Every structure is written in C-alpha cells, then in structure tokens.
Q: 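Quick one: structure below, then a few questions.
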Amino acid sequence: MSIREEIREENKKNFKEMPFDKKVKHFWHYYKIHTIVAIGLIAFVVYFILLQTVLAPKPFGFCAYALSSNYYLSEDLTPIDTFIGGFADRLDIDTEEYQVVFDTSNAVNPDSTDMLDMAVDMNIVHAGEEGNLDVLIGSKAQIDFYVINGFYGKTLDILFTEEMFAELDEAGLIYYYYDEESDKEYPIGVYVTDAPRLKELGLYNEDAEVILSIVSFSERTDTSVEFVKYIFETP
C-alpha cells in the first residue's frame, strides 16, 4: 500500500470516530465548494422545470388592447371582466387553460417622446410581433401608428367573409388607410364607436372616433373576426 493510500485509510478511520458535529465541520471544510455548486445546479434545474410547467403562463386564447379608453385609470374593471367573459363563453374558450384578455391599461400618444409612452409603445410592438396581440382598438392616429410595424398585413377584405365586409363597407364602417407611396387605400380597420356592446360598456365617449384593427401576426384572426361580430351584436 502506498503512503497516499495509508493516509487516506487513516483519515477514513479518524472520520468514523469523530462526533457528529465534527464530521459536519470536517465535511463542510473540504467539500463546501462542491456542495454549493451542486445545490445551485439542482436549484437551477428545479426552477427551469417549474418555469416550463407550473410557472409557465397560460397561452392566449384571445388578447385585445383598448388604448386610451375610459377605463384607462379605472379601479373597477368588473364591467370589463363581464364583457370579455361573455366573449369567452360565446366561443367556449376554456379560461382555465387559456388567457382571454381585454386590456384597458394602456394609453399611447403617437407624437410623444415621453419615456412612458415609448415604453408602452415597445410593449405593444413586442406583443404584436410575438403573435400575442389579436386586436388593437384606438384613435385613427393610434391605429395608423402601427402600420409601419406591419400589424395589418392582412387587410379586412381578406380576413372577413365577402358578405361581412360588404355589409360593413356599405354602412360606412370600414376604415381605409391611405398609403402615400403606393397612392392606394387599404381596409385595415372598422369604426366601432357605435358598436352596441362597446357603447353599453362605456368604453369610449360617444363623440370619439374609435377604430378596431386585427393584428395580422396573430394566428387567431378567426377569433378576432368573431370578436368584431360580438361587439356589433345588441346586448
């Protein structure tokens, strides 16, 4: 047996004869770095698993942003919850499995360089480009503001049935965006100021010009079309 092996055997013998508290101190002295690294690794693995399972946010079943609405600073969002809950029930969306969101907490001034406006703008752009945002409601200036981001690549004459588009168009409810470069108009929105369910909700003042647009990046455009039908129904 080599000297190193003899020393190792002697250390094992001494360790066995140590009282428990000294064993702990001995272990911590020689193996604390290994222990900390192991605990950290285990914690990271557990957190990663939880992040992908228990802590993972529910996928979106529907998400709409109503910009600068009368509920922007409201503390009572019960009417909003009832309104969007009715839409979820209409489409039989399981809210235990999916998020159904009607967000009224954002206001955007397209002409502003204020940090808050820019932060809200970035959040909307991110939500839209990630496919998490289905519908955007706001003023003409607010809707036009996101044309440059490609939000409305699929125009409403493509998304709506021919009958639905013609009915809204004949009623003067289709909003056409004029593109100076191509010298063409594109149907990207619906005037919803007088939509019965939104009027009942009191989402905007009656004299406000409010437009709804469907965000093309979303894979739920069919759900968005159903939302348009929903708000134009008489409650």
Side-chain angles (χ1 to χ4, degrees), residues 57-69 71 80-95 97-106 108 121 123-140 142-169 171-177 186-201 203-204 209-235:
K58 293 184 290 187
F60 283 98
F62 179 75
C63 179
Y65 284 2
L67 303 178
S68 308
S69 78
Y71 286 88
I80 295 293
D81 295 337
T82 302
F83 165 77
I84 198 61
F87 178 64
D89 291 341
R90 173 193 171 107
L91 267 65
D92 199 25
I93 301 174
D94 186 354
T95 54
E97 296 292 331
Y98 296 94
Q99 297 184 65
V100 179
V101 177
F102 192 74
D103 191 313
T104 58
S105 65
N106 294 307
V108 173
D121 170 45
N123 175 61
I124 293 171
V125 171
H126 178 73
E129 292 180 347
E130 288 294 308
N132 293 330
L133 179 60
D134 301 305
V135 164
L136 190 63
I137 303 173
S139 67
K140 177 182 179 299
Q142 289 169 331
I143 294 299
D144 288 356
F145 193 49
Y146 294 98
V147 168
I148 194 172
N149 297 101
F151 270 30
Y152 322 120
K154 296 176 184 175
T155 51
L156 298 187
D157 54 335
I158 296 173
L159 296 174
F160 292 168
T161 63
E162 186 176 342
E163 181 183 1
M164 181 177 176
F165 182 83
E167 183 179 344
L168 291 170
D169 198 24
L173 294 177
I174 296 295
Y175 167 61
Y176 287 85
Y177 171 79
Y186 298 93
I188 67 168
V190 180
Y191 291 103
V192 293
T193 305
D194 293 325
R197 289 192 183 276
L198 296 191
K199 287 185 71 174
E200 181 191 48
L201 188 61
L203 193 65
Y204 293 96
E209 184 183 61
V210 184
I211 297 169
L212 177 152
S213 285
I214 295 175
V215 181
S216 312
F217 294 123
S218 167
E219 296 181 356
R220 299 175 295 273
T221 52
D222 288 347
T223 303
S224 300
V225 172
E226 290 300 318
F227 182 76
V228 175
K229 295 178 183 177
Y230 174 71
I231 64 173
F232 274 101
E233 290 177 350
T234 301

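Throughout, residue positions are numbered sequentially from 1 according to the sequence presented. Not measured: the values here are computed from a predicted model.
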Q: Salt-bridged, K229 to E226, with N to O below 4.0 Å?
A: yes
Q: Nearest 0.5 Å please: distance from the CD atom of E219 over to the CG atom of N132.
A: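 Rounded to the nearest 0.5 Å, the CD-CG separation comes out at 10.5 Å.
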Q: Under 3.5 Å, is there a donor-acceptor pair between the side chain of R197 and the main chain of Y230?
A: yes
Q: Assess whether atom CD of E167 is packed by more than 12 heavy atoms of other residues, nucleotides or ligands within 6.0 Å.
A: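 Counting other residues, nucleotides and ligands, CD of E167 stays at 12 neighbours or fewer.
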Q: Heavy atoms only: give me the nearest M164-V225 pair and the separation to one decimal.
A: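 What the structure gives for the nearest pair is SD-CG1, 3.8 Å.
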Q: So how far is it from T234 OG1 to E200 CD, rounded to the nearest 0.5 Å?
A: 10.0 Å
Q: Do you know the tightest heavy-atom contact between G153 and S216?
A: N-OG, 2.8 Å
Q: Determine, step by step, whether N123 and Y65 satisfy the side-chain contact (heavy atoms from CB on, under 4.5 Å) criterion, reporting the C-alpha distance in whole Å, the side-chain angles of both residues, the deciding distance to 0.1 Å, and the verdict.
A: CA-CA 11 Å; N123 175 61; Y65 284 2; 3.7 Å; yes
Q: How about Y152 and Y177: are their ring centroids closer than 6.0 Å?
A: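 Between Y152 and Y177, the centre distance exceeds or equals 6.0 Å.
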Q: Decide yes or no on side-chain contact (heavy atoms from CB on, under 4.5 Å) for F160 and I214, but give the supporting numbers first.
A: CA-CA 11 Å; F160 292 168; I214 295 175; 3.9 Å; yes
Q: When you compare the side chain of L198 with that of V210, does any pair of heavy atoms fall below 4.5 Å?
A: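 Result no, sub-4.5 Å side-chain heavy-atom pair not found.
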Q: Is any side-chain heavy atom of T193 closer than 4.5 Å to a side-chain heavy atom of Y204?
A: no
Q: Between T155 (side chain only) and P187 (backbone N and O only), is there a donor and an acceptor less than 3.5 Å apart?
A: no
Q: For D134, is there any backbone N or O sitting under 3.5 Å from a side-chain donor or acceptor partner on S218?
A: no
Q: About how many Å separate CZ of F60 and CG of L133, when rounded to the nearest 0.5 Å?
A: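 Rounded to the nearest 0.5 Å, the CG-CZ separation comes to 9.0 Å.
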Q: Taking the six-membered ring for Trp, are F151 and F145 ring centroids under 6.0 Å apart?
A: no
Q: Can you tell me how far the CD1 atom of I174 sits from the CG atom of D169, to the nearest 0.5 Å?
A: 5.5 Å
Q: Go through the steps for I84 and V101 under the test side-chain contact (heavy atoms from CB on, under 4.5 Å), then give the verdict.
A: CA-CA 7 Å; I84 198 61; V101 177; over 6 Å; no
Q: Hey, can you tell me if Y176 and F165 have their rings parallel, tilted or perpendicular (30° and 60° cut-offs)?
A: perpendicular
Q: Enumerate the salt bridge (Lys or Arg N to Asp or Glu O under 4.0 Å) contacts for residues 142-157, please, sequence neighbours excluded, ordered by first and then second residue.
A: K140-D144
Q: Heavy-atom distance under 4.5 Å between the side chains of V192 and L203, does that happen here?
A: no
Q: Between F62 and F227, is the ring centroid distance below 6.0 Å?
A: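 Yes - the distance between ring centres of F62 and F227 falls below the 6.0 Å cut-off.
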Q: Which atom names give the shortest non-hydrogen contact between N149 and E129, and what distance separates them?
A: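 Answer, listing the atom of N149 first, then E129: ND2-OE2, 4.0 Å.
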Q: CZ/F87 to CD1/I231 distance, rounded to the nearest 0.5 angstrom?
A: 9.5 Å
Q: Say you draw a straight line from CG of L212 to CD1 of I143; how long is it, rounded to the nearest 0.5 Å?
A: 7.0 Å
Q: Quick one: does K58's side chain have a donor or acceptor within less than 3.5 Å of a partner on V100's backbone?
A: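 A pair under 3.5 Å: no.
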Q: Give the minimum heavy-atom separation between T95 and A88, together with the two atoms involved.
A: CG2-CB, 4.0 Å
Q: State whether the side chain of Y71 and the backbone N or O of L201 hold a donor-acceptor pair below 3.5 Å, judged by distance alone.
A: yes
Q: What are the two closest heavy atoms between G189 and S213, and how far apart are they?
A: CA-OG, 3.6 Å
Q: Take Y146 and D121 through the test side-chain contact (heavy atoms from CB on, under 4.5 Å) and record every step on the way to the result.
A: CA-CA 9 Å; Y146 294 98; D121 170 45; 3.0 Å; yes
Q: Do you know the tightest heavy-atom contact between Q142 and S68?
A: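 For Q142 and S68, the tightest heavy-atom pair comes out as NE2-OG, 2.9 Å.
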